[in-house]
Amino acid sequence: MTTASPACASRFVQRWLDAAPERAAQLAALSSLSLGGADFRALLERELAQGLPLERAMRRVRNLLVSTIVARDLGGQADLDEVVTAMTAFADFAIQTHVFALTDELVASHGMPMGEESGRPQHLMVLAMGKQGGGELNVSSDIDLIFVYPEDGETAAGPGQRQLSNHEFFVRLGRRLNAALSEVIEDGFTFRVDMALRPNGKSGPLAASLGMVEEYLIVQGREWERYAWVKARAVTGAPDDIAALDAIVRPFVFRRYLDFGVIDAIRNMHAQIRAEVKRQERLHPERSHNVKLGRGGIREIEFLAQVFQLIRGGRDPALRERSTRKTLLLLAERELLPQETVERLLQAYTFLRNLEHRVQYLEDAQTHTLPANPDDRLAVAHMMGVKDEATLLDALDAQRSYVAQQFDAIFADKEKPDDKPDAPALADELDNMDALAARLAALGFDDARTAASRLAATLQGPRLSNLPDASRERLLALVDASLPLVATVVGEAGIGSHAATLGRLLDLFEAIARRSAYLSLLTEYPHTLERVIRMINASGWAATFLTQHPILLDELLDDRNAGAGDLGQLAALLDEHLSEAAGDTERQLDILREAHHAQLFRLLALDLAGELSVERLADHLSALADMIVGAVVRHAWRTVNGRHREEPRFAVIAYGKLGGKELGYVSDLDVIFLYDDEDQDAPPLYARLAQRFITWMTAHTAAGILFDVDIALRPDGASGMLVSSVAAFERYQNDAAWLWEHQALTRARFCAGEPAIGARFEAIREQVLRKDRSGQEAQLKEEVVRMRQRMRDANVNRSELFDLKHDAGGMIDIEFIVQYLVLRHAAAYPQLTANAGNIALLRVCGELGLIDAGLAGQVADAYRIMRKLQHSVRLQGQDKTRVEPGLVGAHPDSVRALWQACFGN
């Protein structure tokens, strides 16, 4: 690899050395050290000790720093991170040093600015924008600044001082700061300063109060300014004032919903930038190869990173990172971009930034274009470690081509018409039912007239006809694009009807029509629209769920969510988000619901794709519920006032479907609460935690509901305490519990909370289930049969259909048989107390000879088939699980035969 010495590679460094030969020793000494923690204060003090004013001393430190960076970078001692980190740290230091000095000067003349409302001293907040804000400042870059002060008011002028308004004070301070940094004097400049990003740009005041900033962002803030403010970082200012500014800026930049509309805004901004670059290249052909703003350049990588920030940063605080490089790494971690893509983008970013620096090293000029002079291009090529200009351009083209390809994948305009002739405008057809029906029939709709009627009724209804023009046009385009997809999907699937699927899709469109972000999502990602149609065609329940929670459209964007995911990783991420929202219970409730719904939706997608058996799906759903229950216990406890310990000695015990790990999409949670804590305040504290748990689970928020919770199985039922000590629970189970409560215990397990309490519960459960009931067999049978009859009487089926749960030979009969067998025989066969599920326990009972093994297998098959049928019925959105008798065949006969064998008539 060819390298060049700074003296011959950089004319700026050569001139700096020639002006004072003793600088060579300074350069050599500093070049031997990493600049990551450079002591700028010591360097400045050395210059000041020579009697120089601050402005000259700062410039000399800057020139030494830049020369050292050039030497270390071209000598292979410094990487990109050291270069940009050192420049950013120095820019921060220079601003802070000058602000403090200039403030003291102004205060000496005019007094301290005081807040009109707070009465507190006021300090200037200098906001670093752009690359300085992101910690990635160029060696020869200007710095983009915004000046903000907290409150209006006046200076506390003393004798001989002239009072100023706070606004005038900070405008003067801003002007002096700009001059101190950017005026060209005998030692050059420290930084060029650009103030164009301030509110109202160059026509706006140099310094603005917090109130002015807030009003501007709310009333006038434009989409491109959201992009700029992502990187805003306060370099000076009081912590409370910086926090107040952040509270104003954050909701402007980061929307609480997924904001896919930003794609179009960035696309338009990028188009304007590219148009200007092309214009400059036409006027000055020698200025081609702009590595920052050109096709596939640095700016496109920044846009790629920041579009995800703007879309998702409102919901994921980690994505509010200011650094482009760190943001890209987060995108891989969050699986928003493939790891390989991120690595390639980071390689391209490093290459382009290094090339940009080497172009700037020549003359310490703020340029991003390869030089026109052939000798200079050759020098840049050598600085990049290649032999000639052609090799450099080949490497540059390869990097830019990859970046451009990735950029186009996200930002290519999906609404541009292709070469196909336009279909008849849908808006014009809505008033001509015959033409609309004929068009749908030509597409292959089986009931074109019904579908046309529904289409016209929805699109001409009050909810959609009054949309803003832009939203209505986008909606009509989406519907137009959807019609052939509906025809294709229904035809390929061989299930559902065109009219029904179109109706479900229109319900979804009605729900999202006033949320332009969702319309943008479906427009920007056409393949997502097809996935939506496939899903809602396959499941009416899925259609309803998606309509209620359209944020889940994001889960269909690409294949990154194609798997069930690592639940441990999801739990850690959920815990992180809940901790970040501590103190904001409403947000925590939404975070829980969003996390649960997203994972539920991923499982639903796998389920509809036929990749999960009913049993495997139930395992996943039960594990997901366990994760949510655990998170609620941990974080709800932190909101309990007066809590006496960091972690509660409290556990949630699951019964029923959750206890048996047979949870469905809409199952309730049957739970009880146990604690083991001798503290005198424990009972009321844990009762409060249990009440809070129920509220967090069942409350309806904007994000929906988590679970309905049933606590009827607690000791003494509705009249019992909400929480029980472990000792009280053990006494109750041994001395007072009804037999049906012991039946319920066969499907109970520790779910979440303190593991030691879970172990105690499991020991109690084992002890109770293994009681010797051989002398009470007749009584046991009688009570089980009586309880079963009560349930049957409460769920009479007068239809011709077979009720999968409640009819004789149905699922509840199977569950009662298994519960009876466990209670009757667990004393002799401890393996029956395993919480293994009904199918496995039937097999064990058959192997042990407790029931006929062949019949046990038939009943296990029956249970599996009925669960699958129940699941299919639920997916179609039906409440009652009743099916045509032919679908279950002879399976109920097998169940009735086993019932007869166990209980007689």
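Position 1 is the first residue of the sequence; numbering continues from there.
Side-chain contact between L370 and L355 is present, with at least one heavy-atom pair separated by less than 4.5 Å. Within the 4.5 Å cutoff, side-chain heavy atoms of V230 are placed close to those of L310. Contact annotation: the side chain of S34 approaches that of R72 to within less than 4.5 Å [non-hydrogen atoms, C-beta and beyond]. Contact of the V66 side chain with the V13 side chain is not registered, since no non-hydrogen atoms from C-beta on lie closer than 4.5 Å. Residues T190 and S182 have side chains not in contact (no heavy-atom distance under 4.5 Å, counting atoms from C-beta outward). Between R514 and P468 there is a side-chain heavy-atom pair separated by less than 4.5 Å. Within the 4.5 Å cutoff, side-chain heavy atoms of Y518 are placed close to those of I551. Considering only heavy atoms from C-beta on, H368 stays 4.5 Å or farther from H289 through its side chain.
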Can you give me every donor-acceptor pair (side chain of residues 168-181, partner residue at least two apart or in another chain, under 3.5 Å) with its distance?
{"residue": "E168", "atom": "OE2", "partner": "R172", "partner atom": "NH2", "Å": "3.0"}
{"residue": "R172", "atom": "NH1", "partner": "H110", "partner atom": "NE2", "Å": "3.4"}

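Atom-to-atom distance recorded for Q360:CD and S10:OG is 11.0 Å, nearest 0.5 angstrom. Between E225 atom CD and L217 atom CG the span is 7.0 Å, to the nearest 0.5 Å. With rounding to the nearest 0.5 Å, the separation of CG in L65 from CE in M87 is 5.5 Å. Interatomic distance, T327 OG1 to L345 CG, rounded to the nearest 0.5 Å: 12.5 Å. Interatomic distance, R358 CZ to D376 CG, rounded to the nearest 0.5 Å: 15.5 Å. Taking CD1 of I301 as the reference point, atom CG of L328 lies at 7.5 Å (rounded to 0.5 Å).
Judged purely by distance below 3.5 Å, without hydrogens or angles, the side chains of T88 and E136 never pair a donor atom with an acceptor atom. For R474 and S520, the side-chain atoms include at least one donor-acceptor pair closer than 3.5 Å. Between Y149 and H167, the side chains place a donor N or O and an acceptor N or O closer than 3.5 Å (distance only, hydrogens not considered). Using a 3.5 Å distance cut-off with no hydrogens or angles, the side chains of N138 and H357 do pair a donor with an acceptor.
Judged purely by atom type and a 3.5 angstrom limit, Q96 uses its side chain to pair as donor or acceptor with the backbone of V235. A donor-acceptor distance shorter than 3.5 angstrom exists from the side chain of R400 to the backbone of R295, with no hydrogens or angles considered. Under the 3.5 Å distance criterion, the side-chain polar atoms of E82 are left unmatched by any main-chain donor or acceptor of I69. Remark: side-chain polar atoms of R322 are not paired, donor with acceptor, to backbone N or O of G135 under 3.5 angstrom. Panel note: side chain E151, backbone E117; a donor-acceptor pair is recorded below 3.5 Å. Formation of a donor-acceptor pair under 3.5 Å by the D194 side chain with backbone atoms of L145 is not found in this model. Although no hydrogens or angles enter the test, the distance criterion places a donor-acceptor pair under 3.5 Å between the side chain of Q309 and the main chain of E321. Between the side chain of R23 and the main chain of W16, a donor-acceptor pair closer than 3.5 Å is present. Q161 places a side-chain N or O within 3.5 Å of a backbone atom of A108 that can act as its donor or acceptor partner. With hydrogens and angles ignored, the 3.5 Å screen pairs a side-chain donor or acceptor of R198 with a backbone N or O of G204.
Under a 4.0 Å N-O distance rule, the pair R120/D240 does not qualify as a salt bridge. One finds no salt bridge joining R60 and E186 here, because no Lys/Arg side-chain nitrogen approaches an Asp/Glu carboxylate oxygen to under 4.0 Å. Here R325 pairs with D81 in a salt bridge; the nearest charged N to carboxylate O distance falls below 4.0 Å. For E47 and R56, the salt-bridge test fails: no basic side-chain N is under 4.0 Å from an acidic carboxylate O. Electrostatic pairing of E363 and R15 counts as a salt bridge here, judged by a charged N lying under 4.0 Å from a carboxylate O.
Nearest heavy atom pair, residue V99 against residue V126, reads CG2-CG2, 3.9 Å. Scanning all heavy atoms of the two residues, the minimum distance from L467 to A513 falls at CD2-O, 3.7 Å. Of all the heavy atoms in Q122 and P150, the pair that sits closest is OE1-CB, 3.0 Å. Closest non-hydrogen pair, V359 versus T369, comes out as CG1-O, 3.2 Å. Shown here for L80 and T350, the closest heavy-atom pair between the two residues is CD2-CA, 3.8 Å. Annotation for A228 and L197: closest pair CB-CD2, 4.2 Å, computed over non-hydrogen atoms.
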Step-by-step side-chain contact (heavy atoms from CB on, under 4.5 Å) determination, T97 to M58: CA-CA 9 Å; T97 303; M58 191 68 76; 3.8 Å; yes
Chi angles and distances behind the side-chain contact (heavy atoms from CB on, under 4.5 Å) call for L127, L245: CA-CA 10 Å; L127 304 185; L245 176 63; 3.5 Å; yes
R11 and D364: CA distance, side-chain angles, deciding distance, salt bridge (Lys or Arg N to Asp or Glu O under 4.0 Å) verdict: CA-CA 8 Å; R11 290 189 286 272; D364 186 25; over 6 Å; no
side-chain contact (heavy atoms from CB on, under 4.5 Å) evaluation trace for M112 with M114: CA-CA 6 Å; M112 189 71 190; M114 307 298 290; 4.2 Å; yes
Trace of the side-chain contact (heavy atoms from CB on, under 4.5 Å) decision for Y361 with F12: CA-CA 7 Å; Y361 288 165; F12 164 76; over 6 Å; no
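Partners of Q366 according to the side chain to side chain donor-acceptor pair (under 3.5 Å) rule, which considers only residues two or more places apart in sequence or in another chain, are D142. Residues satisfying the side-chain contact (heavy atoms from CB on, under 4.5 Å) criterion with D246, sequence neighbours excluded, are R250. With sequence neighbours excluded, the residues forming a side-chain contact (heavy atoms from CB on, under 4.5 Å) with D316 are A318, L319, R334, H577, listed by chain and number.
Screening residues 227-238 for side chain to side chain donor-acceptor pair (under 3.5 Å) gives D92-R233, Y227-Q306, K231-T324 as the qualifying pairs, with residues at least two apart or on separate chains. Applying the side chain to side chain donor-acceptor pair (under 3.5 Å) test to residues at least two apart or on different chains, the pairs with a partner in residues 578-587 are R587-E594.
For the pair R62 and F90, the cation-pi criterion (under 6.0 Å, within 45° of the ring axis) is not fulfilled.
Within 6.0 Å of the CG atom in D39, the count of heavy atoms belonging to other residues, nucleotides or ligands exceeds 12. Other residues, nucleotides and ligands contribute over 12 non-hydrogen atoms within 6.0 Å of the CD atom of Q220.
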